[in-house]
Novice: 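Structure in structure tokens, see below.
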There are 2 protein chains.
Amino acid sequence: MAAKRGGARSNRSQRPGQPPRPAGEPPLSRQRIVATAVELLDAQGIDGLTMRRLADRLGSGVMSLYWHVDSKEDVFDLALDAVLEYRGSPQEPQSEDWRGEIVHILEDWRASMLSHSWSASLLPRRALGPNILSRLELLSKALSRAGVADADINAAIWSLWNYVMGATITRASFDLSDDDRAAAQQRLTHLSERYATIERSRLLLDDDWDGAFRKGLGFLLDGLAPG
Amino acid sequence: MAAKRGGARSNRSQRPGQPPRPAGEPPLSRQRIVATAVELLDAQGIDGLTMRRLADRLGSGVMSLYWHVDSKEDVFDLALDAVLEYRGSPQEPQSEDWRGEIVHILEDWRASMLSHSWSASLLPRRALGPNILSRLELLSKALSRAGVADADINAAIWSLWNYVMGATITRASFDLSDDDRAAAQQRLTHLSERYATIERSRLLLDDDWDGAFRKGLGFLLDGLAPG
DNA sequence: ACCTGAACACCGTTCAAGT
DNA sequence: ACCTGAACACCGTTCAAGT
């Protein structure tokens with residue numbers, strides 16, 4: 001068994017086309033681990049991230065990771081927050097267009113998550129890193145400036161958060177399965193007496209995700225700050 | 001190694017206080033598997049569901065499950081949809097209060113998911129089972145009756161879906177970690193120049209989840225069908 | 001301070017076989 | 001038609017040890 005294990009490991013570290021890491025390999029660090037985890041997640045999805053594979057990519061032993069990181073769970077948290085760094089100009093033009101500003105903040109948030117589609121499925125499990133908090137802060141300020149009453153601010157923030165997270169998660173999960181969607185709509189047609197209404201409106205085939213996101217956000221903002 | 005395995009198995013099937021299943025054990029079935037999976041998920045959470053543990057609870061060998069079920073993924077799908085069965089009276093009183101009706105549908109949806117908190121974290125990965133579709137159908141009909149224009153119906157459905165799913169996922173994940181939330185708010189205070197606004201509004205300590213849900217839903221419905 | 005390999009206690013699923 | 005055990009190819013993490 002030990003021999004078999006050994007064989008498997010050497011297969012892994014001699015991946016075809018991947019020469020052994022040069023001796024000048026930079027030392028392990030929390031940062032390098034997180035960056036590589038994001039790469040791996042982008043390439044292989046959520047189930048593709050394995051402490052063993054991560055270590056391989058970094059050219060180190062598995063257990064070396066645990067010096068810099070508490071657990072796999074920790075890696076997930078760090079990767080999620082890393083991907084949510086806000087890259088907008090810190091000094092916004094302070095326009096009068098508060099509504100455009102809020103829409104921009106939320107569309108950017110959604111876009112950041114959609115460009116790393118695993119991030120949506122990571123959300124339900126985890127905590128609020130500094131980059132998420134920064135975005136919430138930004139949003140809160142914009143809502144204040146827009147004149148939302150103090151008593152309504154938290155509810156407004158959570159409403160928008162809920163909407164964005166729901167939309168992003170939905171979009172990311174449906175994206176994986178265009179065929180599934182077609183098949184589902186097919187099933188609907190087949191059972192059309194049970195699902196007559198959503199069959200007729202072609203709910204599952206509508207694929208203008210960006211448009212639907214904007215439209216729904218519009219409804220919500222109308223409700224939040226009428227006039 | 002074979003011996004060790006055997007030992008582990010017999011430990012498992014002789015859990016303390018759990019007599020061996022009587023010979024009259026009902027036969028395995030898809031239904032029984034799903035029901036037991038839900039039990040197990042309720043008791044142990046998402047990481048607690050294991051094909052091996054599931055088989056143990058059912059008094060069968062692991063591989064017997066695979067006759068009735070395609071994969072673990074399949075079990076997740078079935079468990080999620082099982083928990084979303086709609087238990088309302090099929091013949092609603094058809095009230096004039098369309099808004100109350102919609103609120104009821106969505107609060108019931110949220111409540112169903114929150115009473116099986118693992119269901120929220122399952123959402124991002126998966127498909128639309130019959131019970132989910134039924135709820136969408138119900139919602140669609142209510143929106144029609146409320147006078148939402150046909151052209152807006154799909155956007156309205158997805159907006160409400162996004163909101164409910166986002167709210168449920170957020171609530172379920174924050175529920176696990178009251179301490180984390182307090183710690184996070186603590187951190188905020190400590191770095192208060194960066195997060196001044198959300199620190200002041202005590203965003204992370206606000207725990208009237210039900211109230212926030214209803215309030216935000218109100219905003220959204222105001223936007224969806226003003227007047 | 002930082003990195004390591006061996007070992008432990010698990011996983012999901014394939015396969016060939018049993019009834 | 002339905003159920004099974006052995007085996008395969010993995011996991012995350014503990015631990016004692018190395019530099």
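To find a chain, count down the sequence lines: A is the first, B the second, and so on, and within it residues start at 1. None of these values were measured; they are calculated from a predicted model.
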Novice: For B:Thr36, what residues pass the side-chain hydrogen bond (donor to acceptor under 3.5 Å, both in side chains) criterion, not counting sequence neighbours?
Specialist: none
Novice: Partners of B:Val83 by side chain to side chain contact (heavy atoms under 4.5 Å, CB included), sequence neighbours excluded?
Specialist: B:Val38, B:His116, B:Trp118, B:Ser119
Novice: Which letters describe nucleotides 13-19 of chain D, given B = protein heavy atom under 4.0 Å from base, S = only from sugar-phosphate, - = neither?
Specialist: BBB----
Novice: Rounding to an integer number of Å, can you tell me how far B:Leu58 CG sits from D:dC2 P?
Specialist: 16 Å
Novice: Go through the structure and list residues passing salt bridge (charged side-chain N to carboxylate O under 4.0 Å, His left out) with B:Glu39, not counting sequence neighbours.
Specialist: B:Arg57
Novice: Who pairs with B:Glu107 by side chain to side chain contact (heavy atoms under 4.5 Å, CB included), at least two apart in sequence or on another chain?
Specialist: B:Val103, B:Phe213, B:Arg214
Novice: So what is the 5' to 3' dot-bracket string for DNA chain C, if pairs are Watson-Crick or G-U wobble with both distances under 3.5 Å, crossing pairs use [ ] and | means the partner sits on another strand?
Specialist: ||.|||||...|||||.||
Novice: Quick one, which residues of residues 33-46 of chain B touch DNA chain C with a heavy atom under 4.0 Å?
Specialist: none
Novice: A:Ala212: which residues meet the side chain to side chain contact (heavy atoms under 4.5 Å, CB included) condition with it, sequence neighbours left out?
Specialist: none
Novice: What pairs with A:Lys72 under salt bridge (charged side-chain N to carboxylate O under 4.0 Å, His left out), at least two apart in sequence or on another chain?
Specialist: none
Novice: According to the salt bridge (charged side-chain N to carboxylate O under 4.0 Å, His left out) rule, which pairs have a member within residues 129-140 of chain A, sequence neighbours left out?
Specialist: A:Asp108-A:Arg135, A:Glu137-A:Lys141
Novice: So, OP1 or OP2 of C:dT4: does either fall under 4.0 Å of a side-chain N or O from A:Ser64?
Specialist: yes
Novice: Compare side-chain N and O positions of B:Thr50 against OP1 and OP2 of C:dC11 and report whether any pair is under 4.0 Å apart.
Specialist: yes
Novice: Hey, is the main chain of B:Leu114 close enough, under 3.5 Å, to the side chain of B:Ser117 for a donor-acceptor pair?
Specialist: no
Novice: Does OP1 or OP2 of D:dC3 have a side-chain N or O of B:His68 closer than 4.0 Å?
Specialist: yes
Novice: Nearest-Å distance, CZ (B:Arg53) to P (C:dA9)?
Specialist: 15 Å
Novice: With sequence neighbours excluded, tell me which residues meet ring pair (Phe, Tyr, Trp, His ring centres under 6.0 Å) with B:Trp161.
Specialist: B:Trp109, B:Trp158
Novice: Listed by chain and number, what are the side chain to side chain contact (heavy atoms under 4.5 Å, CB included) partners of A:Ile105, not counting sequence neighbours?
Specialist: A:Leu138, A:Ala142
